[in-house]
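Structure record follows, encoded as structure tokens.
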There are 2 protein chains.
Amino acid sequence: MGTKVELNPVLEELDSTSTLEGLEQIAIALRDRLEIRHVVYHWVDSAGDQYGCTTYPDAWVQRYQERNYHRIDPVIIGCFQRFHPIDWKSLDWSGKTSKAFLQDALQHGVGNQGYSIPIRGPNGQFALFTVNHSCTDEVWRQITQAYGRDLILIAHYFNRKALEFESNRQPEVSRSLSPREIDVMTLLALGYSRAQVAHSLSISEHTLRVYIESARFKLGALNTTHAIATSMSRGLIVV
Amino acid sequence: MGTKVELNPVLEELDSTSTLEGLEQIAIALRDRLEIRHVVYHWVDSAGDQYGCTTYPDAWVQRYQERNYHRIDPVIIGCFQRFHPIDWKSLDWSGKTSKAFLQDALQHGVGNQGYSIPIRGPNGQFALFTVNHSCTDEVWRQITQAYGRDLILIAHYFNRKALEFESNRQPEVSRSLSPREIDVMTLLALGYSRAQVAHSLSISEHTLRVYIESARFKLGALNTTHAIATSMSRGLIVV
DNA sequence: TTTCTACTCCCCAAAAACAGCGAGGCGGCA
DNA sequence: TGCCGCCTCGCTGTTTTTGGGGAGTAGAAA
């Protein structure tokens, strides 16, 4: 690990890729270029319906999904509350389930050193970009220091592509709300009751209800809570 | 704008800064180095209690806050639903309020060209990093193309520091929701009634209420709708 | 071991939301 | 001019949700 490898070509490739298979190729190429064990982009979906590309052995990927490991994986838990990239060593590996998980991972070919970058997109999207290896702490420190910034950019580009593919799969249509409806939805989302909202907008509660109903209708929502949730996830209101 | 300016020193400075004033100095230095009009890091807070550092004139910053412009600012609305950096030209500036806002901005010294990078952190944190200038489309295209990647990294570093300062100010760690609570909040956000949620989780409606209440308590929410909105904006649930 | 959190169940009265009906004024658009 | 969307206000009644209580289990952590 003497000289630093130039990673700009990786970004170029990421920019011009248009398939998930292409992303996987790039992950493999990056792994080989850095001479490390694994490179993983992992979209963490709340439902567990996960998606990404990885150089991990299939057996491990399958086991991870089967056992719903994303619920207990300390890397995910840890990265979920942080912003900056994190070395696996600084995570909390105490606890029975964590230790068992780690053992299982190591036995499936995952290296003992890891460096993960959390990435977040619109609507609460969350993903991880991880590089993994098996080496001494000192060597690993040098690698992560040397490539830290490049990896942030690469993570960003991976996620950009993943979001692109996903939006192709589910094209959204959204009708906009009227200004007054936006006011109402926003205040409701902030926790005010209908009476409070009516008062703070200086309208009668009856009028307020008309807004709620029309917003609900436009959004195709089943009830007020659903309308709020829909407005938020479509970015119609910002709370 | 012939030769490209090296921006790595900016990252070094960002790494070693420990005060908000330091960030502002760096923003000014970056503006001068790129020879553009403005550089803005803007933390968009849920309440409108905004925070950041900017080279915009004070008059504009004040006006922006007074008028709650963050609610109608097309840059914010647009970036909030996207992941990749965006040129202001590709945003939707039709609409009366948008046009009035743009006029107001231009009259307060904001340049007509802009390039904004959305950044997201834990708990639904959202911020924007913007570079702004007044020039022709072609010149602006060259600038954003040349510095696009650097700006992503700089945005990332700005946000890292901002989060660092903020966590010093508010050491309170928001307790996360239990798996069952997440299930409940998710299903409620999808519009199901309590009876439906209870049935689909195979628990009694009474038990369901306990989850809702404990989630509400943990989130400091005033009612169920507020709890849903809070869960979503903190990224605890995804709908 | 003890303590803690997560999960499950139960009651009741008051408040809120829902669903349906109606009305009129204002402004933009064709 | 007529149509349409937006804003405003009113009524009645039913259903759902919400605010407090309390209590017991199991499993993991300290």
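Letters A, B, ... are given to chains in the order of the sequence lines, protein chains preceding strands, and every chain is numbered from 1.
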Fill in: Expected output: side-chain B:Lys161 to main-chain B:Thr17 donor-acceptor under 3.5 Å
yes
Discussion item. Strictly distance-based, threshold 3.5 Å: is any side-chain N or O of A:Asn132 a donor or acceptor partner for the main-chain N or O of A:Tyr115?
Written reply: no
Side chain of [X] - closest among [options]:
X	options	answer
A:His206	D:dC11, C:dC10, C:dA6	D:dC11
A:Arg194	C:dA17, C:dT8, C:dC10	C:dA17
B:Glu213	C:dA19, D:dC7, D:dG20	D:dG20
A:Ser204	D:dT17, D:dC9, D:dC7	D:dC9
A:Val210	C:dC9, C:dC7, D:dC9	D:dC9

Worksheet entry | For B:Ala127 against B:Asn159, the heavy-atom pair lying closest together | CB-OD1, 3.6 Å
Practice prompt. Determine the minimum heavy-atom distance between B:Arg120 and B:Cys79, stating which atoms define it.
Written response: NH2-O, 3.2 Å
For [N], take OP1 and OP2 only and decide whether either is under 4.0 Å from a side-chain N or O of [X].
X	N	answer
B:Arg180	C:dT5	no
A:Lys99	D:dA28	no
A:Ser178	D:dC7	yes
B:Thr207	C:dT8	no
A:Tyr211	D:dC6	no

Counting any heavy atom closer than 4.0 Å, what does [X] reach on the DNA or RNA strands: base, sugar-phosphate only, or nothing?
X	result
B:Ser193	sugar-phosphate
B:Thr224	sugar-phosphate
A:Leu188	nothing

Listing time: all N or O pairs from protein to nucleotides 27-29 of chain C that are below 3.5 Å?
none

Fill in: Set of residues satisfying side-chain hydrogen bond (donor to acceptor under 3.5 Å, both in side chains) with respect to A:Asp92, sequence neighbours excluded
A:Ser94
Given atom [atom1] of [X] and atom [atom2] of [N], what is their separation to the nearest angstrom?
X	N	atom1	atom2	answer
B:Ile182	C:dA6	CD1	P	11 Å
A:Ile228	D:dT17	CD1	P	16 Å
A:Glu205	D:dC11	CD	P	13 Å
A:Leu208	D:dC6	CG	P	16 Å
A:Phe217	C:dG20	CZ	P	12 Å
A:Leu177	D:dC7	CG	P	10 Å
A:Ile72	D:dA28	CD1	P	12 Å
B:Asp183	C:dA6	CG	P	14 Å

Worksheet entry | No-H, no-angle donor-acceptor pair, A:Arg209 side chain to C:dG20 base, under 3.5 Å | yes
Item to complete: Name the orientation class of the two ring planes belonging to A:His42 and A:Tyr64 (parallel below 30°, tilted from 30 to 60°, perpendicular beyond 60°).
Response: perpendicular
Worksheet entry | Stepwise side chain to side chain contact (heavy atoms under 4.5 Å, CB included) test for A:Trp60 and A:Gln65 | CA-CA 9 Å; A:Trp60 173 237; A:Gln65 290 196 341; over 6 Å; no
Worksheet, complete the sentence: 5'-most contact on DNA chain C (nearest-nucleotide basis), B:Asn223 vs B:Ser202, goes to B:Ser202
Response to the item:
Assign each of B:Glu181 and A:Ile212 the nucleotide of DNA chain C bearing its closest heavy atom; nearer the 5' end lies the nucleotide of B:Glu181
Discussion item. Five pairs per end, C1' atoms only: what is the angle between the end axes of the helix from C:dT1-D:dA30 to C:dA30-D:dT1, to 10 degrees?
Written reply: 60°
Discussion item. To the nearest 0.5 Å, what is the distance between CD on B:Glu181 and CG on B:Leu208?
Written reply: 11.0 Å
Worksheet item: Can you tell me how far the CE atom of B:Met185 sits from the OG1 atom of B:Thr224, to the nearest 0.5 Å?
Response: 7.0 Å
Worksheet entry | Identified side-chain contact (heavy atoms from CB on, under 4.5 Å) counterpart of A:His133 within the set A:Leu34, A:Ile36, A:Thr144, A:Asn112 | A:Ile36
Worksheet item: Salt bridge between A:Glu138 and A:Arg141, side-chain N to carboxylate O under 4.0 Å?
Response: yes
Fill in: Of A:Thr97 and A:Pro179, the one whose closest DNA chain D nucleotide lies more 5'
A:Pro179
